[in-house]
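Chain letters run A, B, ... following the sequence lines, proteins first and then strands; every chain starts at 1. Model, not experiment: these values are computed from the prediction.
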There are 2 protein chains.
Amino acid sequence: MGAGLTREPADAATGYDQVFAFVREQLLSGQMKAGDRLLPERELATRLGVSRPVIREVLRALAAIGVIEIRHGYGSVVRRPDFAELGDLFTMMLAQQGEVVEDVMEARIAIERQAIRLACARATSSDLAALGEALRRVEETVKDPQIGGDADFDFHAALIAAAHSPTLASLHAAIAVLLKRSHLERRERITSLDGIETYLVEHHRELLAAVAARDADSADRLLMQHFAIGTEYQRRAAAERDRSPPTS
Amino acid sequence: MGAGLTREPADAATGYDQVFAFVREQLLSGQMKAGDRLLPERELATRLGVSRPVIREVLRALAAIGVIEIRHGYGSVVRRPDFAELGDLFTMMLAQQGEVVEDVMEARIAIERQAIRLACARATSSDLAALGEALRRVEETVKDPQIGGDADFDFHAALIAAAHSPTLASLHAAIAVLLKRSHLERRERITSLDGIETYLVEHHRELLAAVAARDADSADRLLMQHFAIGTEYQRRAAAERDRSPPTS
DNA sequence: CTTGTCAAAGTGGTAATACCACGGTATGAA
DNA sequence: TTCATACCGTGGTATTACCACTTTGACAAG
């Protein structure tokens, strides 16, 4: 069966399949929403004409995919969808496909390029305030790769939130575990470059300025530079050196 | 609990939690791998000192997250991870967040733009052959929005496969259900435009040609036109009309 | 010897009944 | 009014019995 909440049951429907379909319909049709309590097991069993263990099997399945939460003595409650719940599963599944820490950059580039274009069109003043706060945290944590990597991730998550695209946000959340690891590794890799801290902070500031100016093309260009950040910084350092002859 | 195959069980462990942890450990440690059959329910119950219904609840949960497949009369088999299994779950979770059919275009644009750049660099001859075959199917199904929409989706999936990025591929698979719906709706929307069929097929052909030519900038430009396909075609039809006076 | 058929064994699917554990609410006493 | 306790409702589990499906082995026929 698998995570088949939106899939049709087999024609020779078992009791389990019929109950699953019933609950699924309630969820998809909007009759039940986050916070609502399902009918008690005994009542569901009576109403649906099955035994209570079958109900329990369905509820366990729904709980396993994060759709409900079973509370002993209280009942089963519909949960608000949380894409971060998928993160662990996603990470594990990807990990079984071989080395993906580098490849996750491709997904990051894809999502952020589109998100920043949307952010230039859609960002609200409170989105910009959130970005400003995230920038402040990037600045104050820039010396520490671990905390700084997390702050870096948060800045980019705020960018994606400013895009107001639920689909992009959900994809980003699904790969968040891998992205955080990627942010940390990139930070560790570039931390030894002279002057990188100032460059990092200024670059994030320029990204925020482009969004505030609603300049999608500049934002995109800056973002591409951002993804090449170690390479770019070394190129600029070399250019500065060529322009300033040695003073010794 | 949620999709917590990689998460620690609660300390006050129920029978269910203990059994779940036992099976989980077998899976994560590599003792059990895809294709392996779990012990029969009755034997698991005896060995773990719980009743059979508890075992069944655990197995249902594992099946719901796609980790195993329960086969009547045969036993429960460990499954190979399959991102398409996440698709239904993803779709359901997104659907609870309001209208996402239009918004899924943003994710599509993000993924495909990055994928086609990678495809220009990485596509093998067998990727190009697969794209050619997908193009042939687009051509032969172009008159039917339903089947044509599916063929259209398959062409774009072949593009993403040619990128050889597991992360992008998995994200695409996760939103495949929504994308197929989106492809169909777009097809239905433009199906009444005169000459659209030829235009559609030619446009897909040009996309394939750009990938074969390893021309990432052209590919990206063509792709952006592709996403605006209804608008673009109407603009060209108007330009043709302005250039050719009526013959009546 | 090979192939086909059928029955038995093993495995999952379900129902019914009983009882224990937890959480929330209502009632009574201070 | 506040606190403690009892009760009720809900989930967690065990046991027993029986049905449905799949596989394997034995036997018969060619």
Side-chain angles (χ1 to χ4, degrees), chain A residues 1-2 4 7-24 26-27 32 34-79, chain B residues 1-2 4 7-24 26-27 32 34-79:
Chain A
M1 165 169 273
R7 196 175 308 168
E8 294 302 320
D11 285 342
T14 60
Y16 176 93
D17 293 334
Q18 290 176 15
V19 175
F20 198 95
F22 173 79
V23 179
R24 179 186 66 181
Q26 285 194 304
L27 289 166
M32 305 287 303
D36 289 352
R37 195 165 19 175
L38 271 63
L39 290 176
E41 294 176 1
R42 290 175 179 89
E43 189 167 341
L44 271 176
T46 302
R47 289 212 180 174
L48 299 177
V50 297
S51 69
R52 200 177 137 214
V54 176
I55 298 292
R56 296 188 51 77
E57 288 178 21
V58 172
L59 296 181
R60 287 292 191 191
L62 291 169
I65 60 179
V67 169
I68 63 170
E69 180 184 355
I70 302 172
R71 286 164 57 183
H72 190 170
Y74 184 74
S76 299
V77 183
V78 179
R79 296 183 61 186
Chain B
M1 167 169 271
R7 199 175 305 168
E8 294 300 321
D11 285 343
T14 59
Y16 174 94
D17 292 334
Q18 290 175 13
V19 175
F20 197 96
F22 173 79
V23 179
R24 179 187 66 180
Q26 285 192 304
L27 290 165
M32 304 288 302
D36 289 353
R37 194 165 20 176
L38 271 65
L39 290 176
E41 294 177 1
R42 291 176 179 90
E43 189 167 342
L44 271 175
T46 302
R47 289 213 181 173
L48 299 177
V50 296
S51 68
R52 201 177 137 215
V54 176
I55 298 292
R56 295 189 52 77
E57 288 177 22
V58 171
L59 296 181
R60 288 291 192 193
L62 291 169
I65 60 178
V67 169
I68 65 169
E69 179 184 354
I70 302 171
R71 286 164 57 183
H72 190 173
Y74 183 74
S76 299
V77 183
V78 180
R79 298 183 60 188

**Student:** To the nearest angstrom, how far is R60(B) atom CZ from dT13(D) atom C1'?
**Tutor:** 18 Å
**Student:** Base, sugar-phosphate alone, or nothing: which one does L59(A) contact when heavy atoms must sit under 4.0 Å apart?
**Tutor:** nothing
**Student:** Would you mind reading off the distance between L44(A) atom CG and dG11(D) atom P, rounded to a whole angstrom?
**Tutor:** 8 Å
**Student:** Want to settle it: does V54(A) or P40(B) sit nearer the 5' end of DNA chain C, counting the closest nucleotide to each?
**Tutor:** P40(B)
**Student:** Figure out the CZ/P separation between R56(A) and dA15(C), and round it to whole Å.
**Tutor:** 15 Å
**Student:** Between dT13(D), dG24(C), dT14(C), which one does the side chain of Y74(A) approach most closely?
**Tutor:** dG24(C)
**Student:** When the distance from CG of L48(A) to P of dA15(C) is rounded to whole Å, what number comes out?
**Tutor:** 11 Å
**Student:** Identify the heavy atoms of L59(A) and I68(A) that sit nearest to each other, and give their distance.
**Tutor:** O-CD1, 3.4 Å
**Student:** Work out which heavy atom in V19(A) is nearest to a heavy atom in I55(A); give both atom names and the distance.
**Tutor:** CG1-CD1, 3.9 Å
**Student:** Tell me the closest heavy-atom pair linking L44(A) and F22(A), and the distance in Å.
**Tutor:** CD2-CE2, 4.1 Å
**Student:** So, is S51(B) near the phosphate of dT13(D), with a side-chain N or O under 4.0 Å from OP1 or OP2?
**Tutor:** no
**Student:** On DNA chain C, does the nearest nucleotide to P53(A) precede the nearest nucleotide to G73(A) from the 5' side, or the other way round? Give the residue.
**Tutor:** P53(A)
**Student:** Taking OP1 and OP2 of dT10(D), is either one under 4.0 Å from a side-chain nitrogen or oxygen of R71(A)?
**Tutor:** no
**Student:** Would you say R60(B)'s side chain and I70(B)'s backbone share a donor-acceptor pair under 3.5 angstrom?
**Tutor:** no
**Student:** OP1, OP2 of dG10(C) versus side-chain N and O of R37(B): anything below 4.0 Å?
**Tutor:** no
**Student:** Side-chain N or O of T14(A) versus OP1/OP2 of dT14(C): is the shortest distance under 4.0 Å?
**Tutor:** yes
**Student:** Is a donor-acceptor contact shorter than 3.5 angstrom present between the side chain of R52(B) and the base of dG13(C)?
**Tutor:** yes
**Student:** For the pair made of NE2 in H72(B) and P in dC21(D), what is the distance, rounded to whole Å?
**Tutor:** 6 Å
**Student:** Nearest whole angstrom, please: distance from the C1' of dG10(C) to the CG of L39(B).
**Tutor:** 14 Å
**Student:** Below 3.5 Å, does any donor atom in the side chain of R42(B) face an acceptor in the base of dG12(C), or the other way round?
**Tutor:** yes
**Student:** In Å, rounded to the nearest 0.5 Å, how long is the span from CZ of R56(B) to OG of S51(B)?
**Tutor:** 11.0 Å
**Student:** Given atom CG of L38(B) and atom P of dG12(C), what is their separation to the nearest angstrom?
**Tutor:** 9 Å
**Student:** From CG of D17(B) over to P of dC22(C), roughly how many Å is that when rounded to an integer?
**Tutor:** 13 Å
